[in-house]
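Chain letters run A, B, ... following the sequence lines, proteins first and then strands; every chain starts at 1.
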Amino acid sequence: MLNVKLYDIPDSDIAWCPGCGNFGILNELKSALSELNLQPNQVVIVSGIGQAAKMPQYINVNMFNGLHGRTLPVATGIKLVNPSLTVIAESGDGCTYGEGGNHFIHTIRKNPNIVNLVHDNMIYGLTKGQASPTTPKGVVTSLQFDGVFVEPFNPISVAIALNASFVARTFMGYNDLTVDLIKQAIQHRGYALIDILQPCVTFNKFNTYQWYKENTYILPDDYDPTDKNAAFEIAMNTEKLALGVIYKNSEKAVYEDFQPKIKLF
Amino acid sequence: MFSNETLSIVLSGAAGQGIQTVEKLLTKIAKESGYYVFATKEYMSRVRGGNNSTEILISSKPVMAFRNKIDILVTLNNNSIDRLRNRISNKTFILGEEAYVKNEINKLPVPILQLAKDVGNPIYANSVSSGILSGIIDADLEIVKKCVSDCFSTKNPEIVKKNITATVKGYNFGKSLNLRVNIKKNPKIKNHYLINGSQAVSKGAIAGGCNFISSYPMSPATAVFTELAKASKEYNIIVDQAEDEIAAANMVIGAWYAGARGLVSTSGGGFALMTEAISLSGMIETPIVVHLAQRPGPATGLPTRTEQGDLNLALYAGHGSFPRIIFAPSGLDEAYYLTAQAFNYADEFQVPVFVLTDQYLLDSIYNVEKFPNVELTRHIVKTDENYKRYEITEDGISPRGIPGFGTGVVRVDSDEHDEYGHITESSEVRTKMVNKRMKKLDKIIEKSIEPVLYGHKDYDYLFVSWGSTSLILKEALENLENNRVALLHFPQVYPLPKSSKKYFKKAKKLIFVEQNITGQFADLVKQTYGINTSKRILKYDGFPFSVEELTDKIKGEL
Ligand SMILES: Cc1ncc(C[n+]2csc(CCOP(=O)(O)OP(=O)(O)O)c2C)c(N)n1
Ligand code: SF4
């Protein structure tokens, strides 16, 4: 196991609010990388724009902090060119499911061997509290004064419907579970989505630490994630959100396997 | 009967009738027989029906420009002639089924369909037509047979045989028409390459080390995408059909970041979506090469027609200030050369580089003796632990590392950043970084590709053009034989090479010739040098200038 300190960036001026869920995800990601013995120069984190997207600013690995919504095409491009790199596309729910919605659909279809970590705080943080695609109905925001009146986006069920090869959800407050899922996602060959529930203590007063604990449950050990129908049913249940690997399909062909290997250096 | 050294044949018919097959066959047959050839097509935005045409020039000297005149018109349907009426003179021979040509002065009725049916199927009409024209231009019969056989090589032998029979029937008919042409053959031409603009761009990309393409289909840019996909196995090119242009451009930037040499091929409407990625490329100093195939806009415009209306789009795409490079080839060898160089320049200067073409250039075919040699240069470094992606250097160019090559990490950021790529809001760092990025422009200008002067060095009248218009203008000026006139062609339209100023200064009168309504390049020159560029010859009806049309317009300026 590599020393976690290897991924620290000295004198980092972290721009998150005190108490924000992003801190937990930062530590969990570092732990997962160190437990998998991944050298900083072998990992690339690609992010978009938003509070969550600042993540790679605070980890000492290769970083591509690009544009709002565009993490997945960039990550796919990098992976196609150099399949030996561990490529992690990481961003918020607005960035991934809103601005990047089309890329979300088509990256699942292509199935490159990348990890997609989505910090799902059910709100737009950086632009100060507007609804995101996953904000629950009825929640009052800085823009939706009468409460959100449209159905929230269900990333898990969409990903399963598109036959994504690895679909998981976690709550960042559960450290061990999250570290374990990130490790599994990295080790999985194919596109791996983890929707990481994350409180935004500043703008989302509804989906709090307490709310996430009360409204989630961890899938039992004997749950079989290869059963697509069962997975779909679990994903459609939004009363109680399931945590763990909800769906897994290791048979799916991987995008870069169809491409020639190119000489880089 | 035809005294000219250049014969102009136009084929006209509906989409789906196989004009393209005739174009492909006849240009090959003519070239292999020892003629210089040129072909360009125009077509409607529909898959079947409508009315399309192809012009094929056969000559004893190099021909690289569209001309209006038609010596022989081959009509394949009943509404071709009226559409081309203003290009038909009383010297034009009109060839086709009796029913289509019966009212024409120089009619040459040919039972093309009957001849095809005699072989067994009306679908052989294409081969019959190619045969007739091959007979008229006195092509070598053995070459004709070989070209037909090559053209249908993927079909079963029976079909190949029938096509050959149909062609030979046509050939004999063509010979019997007593239309003699007087064009000298040159056996050396046989060894020339016969390609179109899209192939020139894609071959140039390959010569420039392109090993990645992601694009979203849009006419006329798709052909380059397709050519590179065809070449992907032989040359190890990663090919991705993106979900949209936004994805394509971002993916190509990701590919460059990881160490590839990536291209997007798109047209104006698609490029509009890529402008955010162009900004990104400027900010993170990760290159992108864009083949921007112009067609008339705005919006979806005339999807299958030609224009030079997107210079401003390429020039101003993206927000904020950052350097870029824009090339605009005139013909095939330049398209090859500039596309290859686009990759070297992108790699060296770490900026977006554009190759601006247009439908006319991409769909034009002619024989090219040989392609220029391009040396491939790479500009990446192996990183160490102290690697700084945005190291401030004298010329603004920071050594570019790629992930996994060396022990360092490569950190790029679309937010303003310090030398390590860390996000910053320091006003001091911001100023330094903006200066660093813009500094590169000086070196780019120094290394610019020079304008090319054709014609007399002691000119009074200087005609100025860029892109595909230049070759048409060149031929028009040659016809004029006036020693007070010259042409200045710009293969690089931005940034403007320093040397151009001296050419402008020397002219008594400057006339800009462009295919757009405002004179976008003339405006750029005016803005750069503050000189008078008010004389402009402009066209924007969706069709290229013809040599004759430009000859007339030029005379009006002298
Ligand atoms: C093209 C574009 N549109 C809008 C923005 C402004 N913007 C920045 S972050 C953001 C939303 C971020 O929300 P989310 O992805 O949920 O991340 P969070 O900040 O909540 O972590 C928006 C709209 C932008 N940077 N770029
Ligand atoms: S705004 Fe919300 S998501 Fe952003 S740092 Fe603050 S608490 Fe975290």
Report task. Output yes when a side-chain donor or acceptor of A/Asn41 lies under 3.5 Å from a complementary backbone atom of B/Gly406, and no otherwise. Result -> yes

Query raised in the report: Is there a donor-acceptor contact under 3.5 Å from the side chain of A/Asn62 to the main chain of B/Val410?
Result: yes

Requested in this report: Write out, in numerical order, the residues from residues 272-283 of chain B with a heavy atom short of 4.5 Å from a heavy atom in chain A.
Outcome: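 Listed by number, the contacting residues are B/Glu276, B/Ala277, B/Leu280.
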
Report summary line: OH of A/Tyr58 to NE2 of B/His422, rounded to nearest 0.5 Å, is 10.5 Å

Determine which residues belonging to [range] lie within contact range of chain B, meaning some heavy atom pair is under 4.5 Å apart, and list them by number or answer 'none'.
{"range": "residues 257-265 of chain A", "result": "A/Gln259, A/Pro260, A/Lys261, A/Ile262, A/Lys263, A/Leu264, A/Phe265"}
{"range": "residues 110-120 of chain A", "result": "A/Lys110"}
{"range": "residues 85-103 of chain A", "result": "A/Leu85, A/Asn102, A/His103"}

Side chain / backbone / both / neither for [X] at chain A, heavy atoms under 4.5 Å:
{"X": "B/Glu385", "value": "neither"}
{"X": "B/Ile284", "value": "side chain"}
{"X": "B/Arg261", "value": "neither"}

Query raised in the report: In terms of side-chain heavy atoms, does B/Asp415 have a donor or acceptor partner in A/Gln57 at a distance below 3.5 Å?
Result: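 No donor-acceptor contact under 3.5 Å links the two side chains.
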
Query raised in the report: With chain B, which of A/Gly66, A/Gly69, A/Pro40, A/Ser84 has the greatest number of heavy-atom pairs at distances under 4.5 Å?
Result: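 The candidate making the most pairs under 4.5 Å is A/Gly66.
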
Query raised in the report: Do B/Val412 and A/Asn65 touch side chain to side chain, with heavy atoms closer than 4.5 Å?
Result: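 No - every pair of side-chain heavy atoms lies 4.5 Å or more apart.
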
Query raised in the report: Do B/Tyr420 and A/Ile9 have side chains that get closer than 4.5 Å, going by heavy atoms?
Result: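 Counting from C-beta outward, B/Tyr420 and A/Ile9 never come under 4.5 Å.
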
Query raised in the report: Checking heavy atoms, do the side chain of A/Asp13, its backbone, both or neither come under 4.5 Å from chain B?
Result: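 The answer is neither part of A/Asp13.
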
Report task. Identify which part of A/Ile49 has an atom lying under 4.5 Å from any heavy atom of chain B, answering side chain, backbone, both or neither. Result -> side chain

Query raised in the report: Does the side-chain contact (heavy atoms from CB on, under 4.5 Å) test come out yes or no for B/Trp256 and A/Val81, once each step is laid out?
Result: CA-CA 9 Å; B/Trp256 273 94; A/Val81 168; over 6 Å; no

Query - Winner by heavy-atom pair count (cut-off under 4.5 Å) against chain A, out of B/Arg389, B/Arg411, B/Met251 - result: B/Arg411

